[in-house]
> 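Would you mind keeping the following structure in view while I ask a few things?
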Amino acid sequence: MREGSAAEIARGTRVVGRDGHTIGGVTEVLLDEASGIFHGVAVRPNLFAHDLEIPGGQVERLTDGVLYV
């Protein structure tokens, strides 16, 4: 992630794609248990879909409470 801190990502944080459209909300921050290294986020695109896992390398920034991927 280029801007922001993974520690600031909260459950429910809105996730926006490169096209500017909302993908969904964060359901889980994916961290390595032993080291605490950020690996990505799980995102629920809508109420009836399964979570999508977005790798940390695809996360651009966290700005004003919005996560951009």
> For the CG atom of Leu67 and the OG1 atom of Thr22, what is their distance to the nearest 0.5 Å?
11.5 Å

> State the CD1-CZ distance between Ile23 and Arg18, to the nearest 0.5 angstrom.
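Result: 10.5 Å between the selected atoms.
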
> What distance do Asp51 atom CG and Glu53 atom CD have between them, rounded to the nearest 0.5 Å?
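Result: 8.0 Å between the selected atoms.
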
> Set out, in order, the CA-CA distance, both residues' side-chain angles and the distance that settles side chain to side chain contact (heavy atoms under 4.5 Å, CB included) for His39 and Asp32, then state yes or no.
CA-CA 7 Å; His39 286 281; Asp32 179 87; 3.4 Å; yes

> When you look at Arg44 and Thr27, which way does the side chain to side chain donor-acceptor pair (under 3.5 Å) test go after all the steps?
CA-CA 6 Å; Arg44 172 102 9 118; Thr27 58; 5.6 Å; no

> If hydrophobic clusters are built by linking Ile, Leu, Val, Met, Phe, Trp and Tyr wherever their side-chain heavy atoms come under 4.5 Å apart, do Val26 and Tyr68 end up in the same one?
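They do not share one cluster, since no chain of ILVMFWY contacts under 4.5 Å joins Val26 to Tyr68.
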
> Which distance, rounded to the nearest 0.5 Å, do you find between the CG of Leu62 and the CZ of Arg14?
11.5 Å

> State, to 0.1 Å, how close Val69 and Ile54 come at their nearest heavy-atom pair, and which atoms those are.
CG1-CG2, 4.0 Å

> Can you see which heavy atom on Leu31 is nearest to which on Gly36, and at what distance?
CD2-O, 3.7 Å

> Is the CG atom of Asp64 crowded by more than 12 outside heavy atoms at less than 6.0 Å?
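Atom CG in Asp64 is not crowded, with 12 or fewer foreign heavy atoms closer than 6.0 Å.
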
> If I compare all heavy atoms of Gly56 with all of Phe38, which pair ends up nearest, and what's the gap?
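Scanning both residues, the minimum pair turns out to be CA-CE2, 3.7 Å.
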
> Calculate, to the nearest 0.5 Å, the distance between atoms CG and CD1 belonging to Leu30 and Ile9 respectively.
9.5 Å

